[in-house]
Amino acid sequence: MRFFLLITATWAFFSTTHGLAQGAYDSTGAKRPRHYFQSQIQLDGYRKRNQDLKTNNRIGQTLETYGLRQGNLSFLIPVYTRDWQGVDKDKTIHANEHVLVTGLIHTLRPEFKGIPDHRLRKSGVGVRYIKNNGKKSVWFIEVAPFVTRDMTYKSAPYFRLASTIIYSYNAKRWLNFRMGATKSFAWGNRLYLPFIGLRIGRLDKFNVSIQFPRQATINLPVSHHWLFALYTKPQGGMYNFSNHDTLYYLPYVKTFQFTRYELNTGLRVDYRGKRLNLFLATGFCTRTSLTFYSDQKNAGAAPYRVYFYNATPGATLYSETGIVFKLGKARSIYNNTNLYDAIDLNGGNGAGDQNAQIPMDTKRQQNDLNLEEIRDLVEYDDL
Amino acid sequence: MRTIVFILVFICSLFPRLAMAQNDRVEALRMAFINKKLELTVSEAEKFWPIYNEYNDKLKALKRNLKQAYRQNASGMTEKEAADLVHLEAMTRQAEADLYKTYSEKIKAVIGVLKLAKLHLAEEEFRREMIKTIREKND
């Protein structure tokens, strides 16, 4: 009974003082940022050089060459944030959960010299849930339905669903493990894959990160603003493709599945500003694969197995450039390992199964104590 | 591709200042200063910073709110507006005191009372260093 009274009194004390502070705070009408994540809009363009499709196959002879132009417009908006404090012995922990809405408009123009251009569109809106338990771990869950269409010949929309669940454990600030599962199209097929990740090195310092099946990266921040990265990652997808050119032998079949992937290995340079990020990447495409599947032969199959055309051109060069706008203000995350990790999870898993790499802003590094750096400041609001 | 590059260049031209805001730089430095002075252990730091960040966010919001209210009335005000301002200032100071009371309890539970006192000293020391730096610059 005494124990019960003690617990009740402790709870009452803390809830009263907290209520007092929050009540007084609210009475002033002061508004602080609502979320830990900024809204983001990302634009990026990707190009892969044309390659000959050297084959005796009828379709290969018709297509002649294969190149790619790709553009993405994606966004991410935090819509809900909740903080809470632990209870009893965990009362010092500061946990939170976040819900974000993601969106994507992805346009792909495969370039075949032998047939007119097809403009393929993939667009969707998804929901992302991130939970920071305030101790060592972060949960990441995303459900991202999307629709693909051949916009040039107005094919019927084809609905698909990409999803990911990841458990991330921060053993140390410089050591992180991730595991989970993902339903992804980035490898050019509908695949259910395990997600396994390992990062050695602090997120705001030099680090090596392997996140299967997304990417493997060596990150080298050279200043608060500039980041160099060597990386390798798959890039691909499944798209609804009009059979207007009768690539599939049955002319009454209106569409088939155009799937592609390539393994991009290269160098990426990021500028990370307060309001925007810019990036430029280039390198080699290897293991390029282009496959056409008919829906009739693969109904319900995961992954699709029966194809009517496949080509694997050799290595070539690619280039990618993009810009990320960061809108609105966010709450402080300084030295908060779990929120650094949450932001990394959010930036490394693109909207709608696209393979984004939006590095976190690491301007708040703890070792920077050079007061001379701010000699040019003559005004500071909080003094 | 050319269209995308054109769009990127156009959008970039809308952002004349890519540099980090000055206040953020000072804020970053203040945090770093506190971090060094408190000599927190890893487990203390893991729990301290989320709480301190939240406290700091709220404190900054209170100060910004009061300052904005004064600025809006800087060119002239009626008696009613003046009374509202004075009332807001009183409420803000009360809220600051209540925040300190609440969060100092939380922080004390994580880093202990000695480091909590050191936190206050570190904040003061940083303030002095800042003022000194700015004065030297102006001289």
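Each chain gets a letter, A, B and so on, in the order its sequence line appears, and its residues count up from 1. As a basis for the values below, the full set of heavy atoms in this structure was taken, side chains included, without hydrogen atoms, waters or symmetry mates.
- Atom CD1 of B/Ile51 and atom CG of A/Asp83 lie 11.0 Å apart (nearest 0.5 Å).
- A 6.0 Å sphere centred on NZ of A/Lys326 holds more than 12 heavy atoms belonging to other residues, nucleotides or ligands.
- A/Thr28 and B/Ala95 make their closest contact through CG2-CB, 4.1 Å (heavy atoms, listed as atom of the first residue, atom of the second, distance).
- Checked against A/Tyr334 for a side-chain contact (heavy atoms from CB on, under 4.5 Å), the options B/Asn56, B/Asn35, B/Ile34 give a single hit: B/Asn35.
- Other residues, nucleotides and ligands contribute more than 12 heavy atoms inside 6.0 Å of the CG atom of B/Leu85.
- Put simply, CD on B/Gln94 and OG on A/Ser27 are 8.5 Å apart, with the number rounded to the nearest 0.5 Å.
- Sparse packing is recorded around NZ of B/Lys118, with 12 or fewer heavy atoms of other residues, nucleotides or ligands lying under 6.0 Å away.
- Residue A/Asp26: no heavy atom, backbone or side chain, is found under 4.5 Å from chain B.
- Across A/Gly134, A/Ala30, A/Pro33, A/Gly29, the residue that shares the most heavy-atom pairs under 4.5 angstrom with chain B is A/Ala30.
- When every heavy atom of B/Asn53 is checked against every heavy atom of A/Ile333, the shortest pair comes out as ND2-C, 3.5 Å.
- Within the 4.5 angstrom heavy-atom criterion, atoms from both the backbone and the side chain of B/Asp57 approach chain A.
- When side chains are defined from C-beta on, A/Arg173 does not count as touching B/Val42, because their heavy atoms never get closer than 4.5 Å.
- Note: B/Glu46 CD to A/Asn335 CG = 10.0 Å, rounded to the nearest 0.5 Å.
- In this structure, the portion of A/Lys136 lying under 4.5 Å from any heavy atom of chain B is its side chain and not its backbone.
- In this structure, A/Ser332 OG and B/Lys60 NZ are separated by 4.5 Å, a value rounded to the nearest 0.5 Å.
- In this structure, B/Arg64 and A/Lys31 approach most closely via the heavy-atom pair NH1-O, 4.0 Å.
- The number of heavy atoms from other shown groups lying within 6.0 Å of CD (B/Glu79) does not exceed 12.
- Here OH of A/Tyr25 is found 13.0 Å from CE of B/Met91. Values are rounded to the nearest 0.5 Å.
- When the shell of 6.0 Å around CZ of A/Arg32 is examined, it contains more than 12 heavy atoms from other residues, nucleotides or ligands.
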Open item on the list: Using the rule given for side-chain contact (heavy atoms from CB on, under 4.5 Å), can you reason through A/His94 versus B/Lys47, listing the C-alpha separation, both sets of side-chain angles and the distance that settles it, and then say yes or no?
Closed with: CA-CA 7 Å; A/His94 191 85; B/Lys47 290 176 177 175; over 6 Å; no
